[in-house]
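This report refers to the structure that appears directly beneath it.
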Amino acid sequence: MSAQKPSIPKGTRDFGPAVVARRNYIFGIIRRTFEKFGYAPLETPTLENLSVLTGKYGDEGDQLLFKVLNSGDFLKDVTADDLQNEDGKATRRVLPKVAEKGLRYDLTVPFARYVVMNRGTLTFPFKRYQIQPVWRADRPQRGRYREFYQCDADVVGTDSLLCEAEIVLMMCEVLNGLNKEAKSENQKLDYTITINHRGVLGGMYDALGESNGTETNLFTAIDKLDKIGIDGVKQELIDKGFTSTEAEKVFKLLYMPATAIPSSDQNQNARQEFLYRIQNLKKSLVVDISPSNILAETSERATRGLQELGQVVDFLTAFGFEQFDRLKFDPTLARGLSYYTGCIFEIKINNVNMGSVSGGGRYDNLTGAFGLPGVSGVGFSFGVDRLYDCLEELELFPEGAAATTRCLITNFDAETMPLLLPVLRELRAAGIPSEMYPESKKLAQQFKYADAKGIPYVLIQGPEERAAGQFKLKELRTGEEKTLTLDQVLATLA
RNA sequence: GUAGAUAUAGCUCAGCUGGUUAGAGCGUCGGAUUGUGAUUCCGAAGGUCGUGGGUUCGAGCCCCAUUAUUUACCCCA
């Protein structure tokens, strides 16, 4: 029997020590930001009941769920009739009988489930963050994995747009934090936070009047504007049942001339531009709504959406937010998840070819699916795996993030090694991560070990040093060697 | 689900029009240096060329199939 070649499922990865250290660096910045804004940690099970997961992400989402086969005789409830596939629905019939659990697909739905199950004990508004892996049975490709981490922060139980404003603040704080290590300006993550409102999108649909195309088709088509261009979107709209007149109308609404009130304050300019665009769109929507129809109404949801976007900007201004140049209003932003109802967010890194590294939005009725209607929530999520790929491409990781051990004690021979164990204890007691090389191999080998592991210092006490009651401490980076007493060693390494 | 690309040493990849014994760099191991890494010099090990068929006097190279990986589309973090 030949040994099998080991492998891991596609779309999954091992994380070696150096990678884990750098991932923890990212997690740390995100976690500290969430906590600074008053979010409390939550963890939920890897497995959820399929009844919790299915139907929350649309038909495509259900397809991407990893289902877990029941334990034991998982075929015991399946009948011969179930397996008849003349109608092509055998899979649908059999699935609930053989699998009742699945891997979580995101962190928001488990959170909603948790909120409903614990509504009696929670204090609202409830702010929680959650950093855990999720699984999607997707086709892996650049920046897309089947197992990846999400870092969610959500608030439920308040409609206040302060939450939306704070999401922008947290997004900036995390990305600014990640840019701290940048050695030059063009090494930084050049990020843009895009914001839109589902009401604005809905208002555009309303502005078309009676149409054969569906609202969802309109949203997903214009979301692709930056990818496939005006003609591409137009074609897709027509394919999906819109008339070319309607398509033209959509582009008329999206067309927003740039404002021109230049001043020396870039932050002020960006803020003005944002507000100007909102005003502009508001006018367009009103003017263009079915002028021939006497019963035409100004779309209520559009008005509400634009008003809320303005409110978010006002809160940010009052807070003293100074990065309006990072915040763009983009009426074409749609985002896939169907449960969003209010503001929606997305972060793109402009100088790295990567999908969005963060996204989120408000959902007015997420807990409704679990029997608790009328609770509003808003939240967002960072994709750590994508952020990692971006930082790596820009070489933005701090040096030494990978090293754990600070000092290696060399091992001369089996007899004297135990005599140095008290020294090892003292190093550790002083809070210096240290290790003794476990075998009495030749020194070259032990030095190579320290070098390969990125250990900065090697401590030596051979017969000569012992006779003098001293130690030799070598700093590998410089090659410098010093003969020191133990106290001096501790002082150097501390 | 749709379309393309790739598969050769532990890793990254060369390999010409199909022609003798399969190549490099890095890494690993040994030595130069029996108390010193990285750097320098010398040496060694390491291959069923993804797998299975076919064409040919002859296949790493051409053809077919298959598997794996990967990129783009759809969708998404």
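Both backbone and side-chain heavy atoms feed into the values below; hydrogens, waters and symmetry mates do not. In the text below, chain A, chain B and the rest are named by the order of the sequence lines, each starting its count at 1. Please read these numbers as outputs of a predicted model, since none were measured by experiment.
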Nearest-angstrom distance, [atom1] atom, [N] to [M]:
N: B:U28; M: B:A38; atom1: P; answer: 9 Å
N: B:C61; M: B:G50; atom1: P; answer: 8 Å
N: B:U66; M: B:G30; atom1: P; answer: 47 Å
N: B:G15; M: B:U20; atom1: C1'; answer: 16 Å
N: B:U17; M: B:A59; atom1: C1'; answer: 14 Å
N: B:C62; M: B:A77; atom1: P; answer: 42 Å
N: B:U55; M: B:A14; atom1: C1'; answer: 27 Å
N: B:C74; M: B:G58; atom1: C1'; answer: 48 Å

If each of A:Lys10 and A:Leu64 is mapped to the nucleotide of RNA chain B with the nearest heavy atom, which maps nearer the 5' terminus, i.e. the 5' end?
->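 Upstream on the strand: A:Lys10.
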Let me know, please, whether A:Pro140 or A:Gly359 comes out on the 5' side of the other along RNA chain B by nearest nucleotide.
->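 Result of the comparison: A:Pro140.
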Kindly say if A:Gln150 contacts the phosphate of B:A77, meaning a side-chain N or O under 4.0 Å from OP1 or OP2.
-> no
For B:G37, take OP1 and OP2 only and decide whether either is under 4.0 Å from a side-chain N or O of A:Lys453.
-> no
Complementary nucleotide for [N] - Watson-Crick or wobble, under 3.5 Å:
N: B:G1; result: B:C73
N: B:G52; result: B:C64
N: B:U36; result: none
N: B:A14; result: none
N: B:A9; result: none
N: B:A44; result: B:U28

Would you mind classifying the nucleic acid contact of [X] as base, sugar-phosphate or nothing, using non-hydrogen atoms under 4.0 angstrom?
X: A:Ser381; value: nothing
X: A:Lys448; value: sugar-phosphate
X: A:Lys224; value: sugar-phosphate
X: A:Tyr145; value: base
X: A:Gly143; value: base
X: A:Gly462; value: base
X: A:Ala444; value: sugar-phosphate
X: A:Glu464; value: base

Side chains of [X] and [Y]: closer than 4.5 Å at any heavy-atom pair?
X: A:Leu408; Y: A:Phe447; value: no
X: A:Asp14; Y: A:Val19; value: no
X: A:Ile131; Y: A:Tyr129; value: yes

Closest to the [X] side chain, choosing from [options]:
X: A:Pro463; options: B:G30, B:G35, B:A77; value: B:G35
X: A:Thr220; options: B:C75, B:U36, B:A77; value: B:C75
X: A:Arg136; options: B:G30, B:A77, B:U36; value: B:A77

Do A:Glu465 side-chain and B:G35 base share a donor-acceptor contact under 3.5 Å?
->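 It does, because a donor-acceptor pair links the side chain of A:Glu465 to the base of B:G35 below 3.5 Å.
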Assess whether one donor atom and one acceptor atom, taken from the side chain of A:Arg139 and the base of B:C73, lie less than 3.5 Å apart.
-> no
Ring-ring centroid check A:Phe382 A:Tyr149, cutoff 6.0 Å |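 Ring centroids of A:Phe382 and A:Tyr149 are no less than 6.0 Å from each other.
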Using whole Å, what does the distance between atom [atom2] of nucleotide [N] and atom [atom1] of [X] come to?
X: A:Arg142; N: B:U69; atom1: CZ; atom2: P; result: 19 Å
X: A:Ile460; N: B:G35; atom1: CD1; atom2: P; result: 12 Å
X: A:Leu476; N: B:G37; atom1: CG; atom2: P; result: 10 Å
X: A:Glu481; N: B:U36; atom1: CD; atom2: P; result: 10 Å
X: A:Gln141; N: B:U2; atom1: CD; atom2: C1'; result: 13 Å
X: A:Asp138; N: B:A72; atom1: CG; atom2: P; result: 13 Å
X: A:Asp106; N: B:C76; atom1: CG; atom2: P; result: 12 Å
X: A:Arg13; N: B:A77; atom1: CZ; atom2: P; result: 16 Å

Please say whether more than 12 non-hydrogen atoms of neighbouring residues, nucleotides or ligands are located less than 6.0 Å from CZ in A:Arg425.
-> no
Return yes when atom CD of A:Glu43 has more than 12 non-hydrogen atoms of other residues, nucleotides or ligands closer than 6.0 Å, and no otherwise.
->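 No, not enclosed.
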Out of A:Thr108, A:Thr44, A:Asp152, which residue meets the side chain to side chain donor-acceptor pair (under 3.5 Å) rule with A:Gln130?
->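 So the option named by the test is A:Thr44.
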Would A:Phe148 count as stacked on B:A77 if the rule is ring centres under 5.5 Å and plane angle under 30°?
->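 Stacked: ring centres under 5.5 Å, planes under 30°.
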From A:Leu189, A:Ile29, A:Thr33, residue fulfilling side chain to side chain contact (heavy atoms under 4.5 Å, CB included) relative to A:Leu175 = A:Leu189
